[in-house]
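Step one of this worksheet: look at the structure below.
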Amino acid sequence: MANQKPKKVAKKPSTKPEAKKEALATPAVQTASAEPSLKGFFARKCDKNENILTIFKSPRIWGALIAELLGTMMIVMLLLTLGLAQPLYLIFAVVAVYVMMAGLSGANLNPIITVGMMATRRMSAIRGVLYILAQVLGAWIGLIIINAFRLSSGTVGELPMMEEVTGETFWVVALVELLGAVIIAFCFARTLRYVRKNPLTFAFAIAGAMTLVIVVATIIANGYFGLADSFIFNPAAALMYQILPTTADGIGELLGMAGLALAAYVVFPMVGGVIGFYIADVATKLSAGGYLCEDDCVCDK
């Protein structure tokens, strides 16, 4: 026993070189991910395979189109009945409509939003066109229903009318519509994450943005320029809201007035919707996804 040789213990392979490699590689990855980048800004964010040949293979598109039609119809009926006379009722009614339709179609209910989503590639072109057609049809049905009740009642009450856009008021109306569309689209883009996770939060955010826009538009248009009932912020509703002129001295004047109304209530708001979505995307990219601050953060001290 005394002469027994001690056993040799096998040496474990050293892992120090690998650890050093990992240590050297880690900071590079962290630095690259922390830097804001606009790479992939114009990448498609929707289904790449969705086109006119594939979109109708799933019945979900029909549910989405029905939701857009019914939702826009309800919004127009609210505008024609409550209007701005009962703002509190209008806000809660809008929240209810958006909560109902959020899980079916994403609750665009406005060509401003649909065009913005198409421009930022969140939605395919064919789906966007179908959504807009459903929205216009829904607005038309809503106008027919309210007008039918009005005519059958035998009363002399008139539907609320938009003021005719003239050369003197065109730029005020158009720019107010543009500004309102930017705010609504920006809010919609920033709250898209809540559409399925928390529809109530999403609906209240959209209703709040609409309230903000109405307040700002009222102060600018009515307070500064004396223009009442001169904004609507929904091209689908505007097309069916009797904004186009019906009488004029000649065909040239009629076409000119119609062109001004379409530009102010349709073209400018759609451009504003695209701008609002792009501003939201740029802000998200430059902030690397959002502002998150830990307990030991000193950025706001």
Side-chain angles (χ1 to χ4, degrees), residues 64-87 89-98 100-101 104-105 107-115 128-165 173-174 176-177 180-181 184 206-207 210-211 213-214 217-218 221 227-248 254-255 257-270 273:
L65 294 179
I66 291 173
E68 289 296 310
L69 187 149
L70 293 178
T72 309
M73 180 192 75
M74 294 178 189
I75 294 294
V76 169
M77 292 172 66
L78 289 171
L79 291 174
L80 292 175
T81 52
L82 292 177
L84 302 180
Q86 301 290 341
Y89 293 159
L90 182 62
I91 291 173
F92 281 102
V94 168
V95 168
V97 173
Y98 272 90
M100 285 188 293
M101 306 306 172
L104 296 175
S105 65
N108 287 190
L109 310 184
N110 193 332
I112 290 174
I113 302 302
T114 303
V115 169
V129 171
L130 292 175
Y131 271 34
I132 292 175
L133 292 176
Q135 291 159 6
V136 173
L137 180 59
W140 180 60
I141 294 174
L143 177 62
I144 289 177
I145 291 174
I146 297 301
N147 201 34
F149 277 111
R150 182 185 68 86
L151 295 176
S152 62
S153 65
T155 61
V156 293
E158 295 292 335
L159 293 176
M161 298 287 293
M162 302 293 295
E163 289 189 1
E164 291 186 357
V165 180
V173 175
V176 169
E177 287 277 337
I184 293 174
I206 300 302
M210 294 173 65
T211 304
V213 166
I214 291 172
T218 301
L227 298 176
D229 299 325
S230 57
F231 48 85
I232 190 169
F233 308 113
N234 190 322
L239 289 173
M240 299 302 163
Y241 205 48
Q242 303 176 13
I243 64 167
L244 298 182
T246 56
T247 58
L254 183 65
L255 292 176
M257 295 171 66
L260 289 177
L262 288 173
Y265 292 112
V266 177
V267 177
F268 272 77
M270 287 189 173

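Note that this is a predicted model, so its numbers are computed, not measured.
- Taken to the nearest 0.5 Å, the CG atom of Leu90 stands 7.5 Å off from the CD1 atom of Ile75.
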With side chain to side chain contact (heavy atoms under 4.5 Å, CB included) as the test, would you mind laying out the steps for Arg150 and Leu80 before giving the verdict?
CA-CA 11 Å; Arg150 182 185 68 86; Leu80 292 175; over 6 Å; no

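- Considering all non-hydrogen atoms of both residues, Ala64 and Ser105 come closest at O-CB, 3.4 Å.
- For the pair Val115 and Tyr131, the minimum side-chain heavy-atom distance is 4.5 Å or more.
- Closest heavy-atom contact between Leu109 and Ala67: CD2-O, 3.9 Å.
- For Tyr98, the ring-ring contact (aromatic ring centres under 6.0 Å, His included) criterion is met by no residue, not counting sequence neighbours.
- Side-chain atoms of Thr72 do not come within 3.5 Å of backbone N or O of Leu69 as any donor-acceptor pair.
- For the pair Glu177 and Ile232, the tightest heavy-atom approach, listed with the atom from each and the gap, is OE2-N, 2.8 Å.
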Name each donor-acceptor pair under 3.5 Å that joins a side chain in residues 132-141 to protein atoms two or more places apart or in another chain, with its distance.
residue	atom	partner	partner atom	Å
Gln135	NE2	Glu68	OE1	2.8
Gln135	NE2	Thr114	OG1	3.0

Full working for side chain to side chain contact (heavy atoms under 4.5 Å, CB included) between Ile146 and Thr81:
CA-CA 8 Å; Ile146 297 301; Thr81 52; 3.7 Å; yes

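- Note that CE of Met270 and CD1 of Ile113 are 11.5 Å apart. Values are rounded to the nearest 0.5 Å.
- One distance of note links CG of Leu239 with OH of Tyr265; it measures 12.0 Å at 0.5 Å rounding.
- In this structure, the separation between CG on Leu70 and CE on Met74 is 5.5 Å, given to the nearest 0.5 Å.
- To the nearest 0.5 Å, atoms CD1 (Ile145) and CE (Met77) are separated by 5.0 Å.
- Shortest non-hydrogen contact noted between Phe233 and Ile112 is O-CD1, 3.3 Å.
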Could you walk me through whether Leu78 and Tyr89 pass the side chain to side chain contact (heavy atoms under 4.5 Å, CB included) test, one step at a time?
CA-CA 9 Å; Leu78 289 171; Tyr89 293 159; over 6 Å; no

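- In this structure, Pro235 and Leu262 have side chains that are not in contact, with every pair of non-hydrogen atoms separated by 4.5 Å or more.
- Partners of Ala174 by side chain to side chain contact (heavy atoms under 4.5 Å, CB included), not counting sequence neighbours, listed by chain and number: Phe170, Ala264, Phe268.
- Rounding to the nearest 0.5 angstrom, the gap separating the CD1 atom in Ile144 from the CE atom in Met73 is 11.5 Å.
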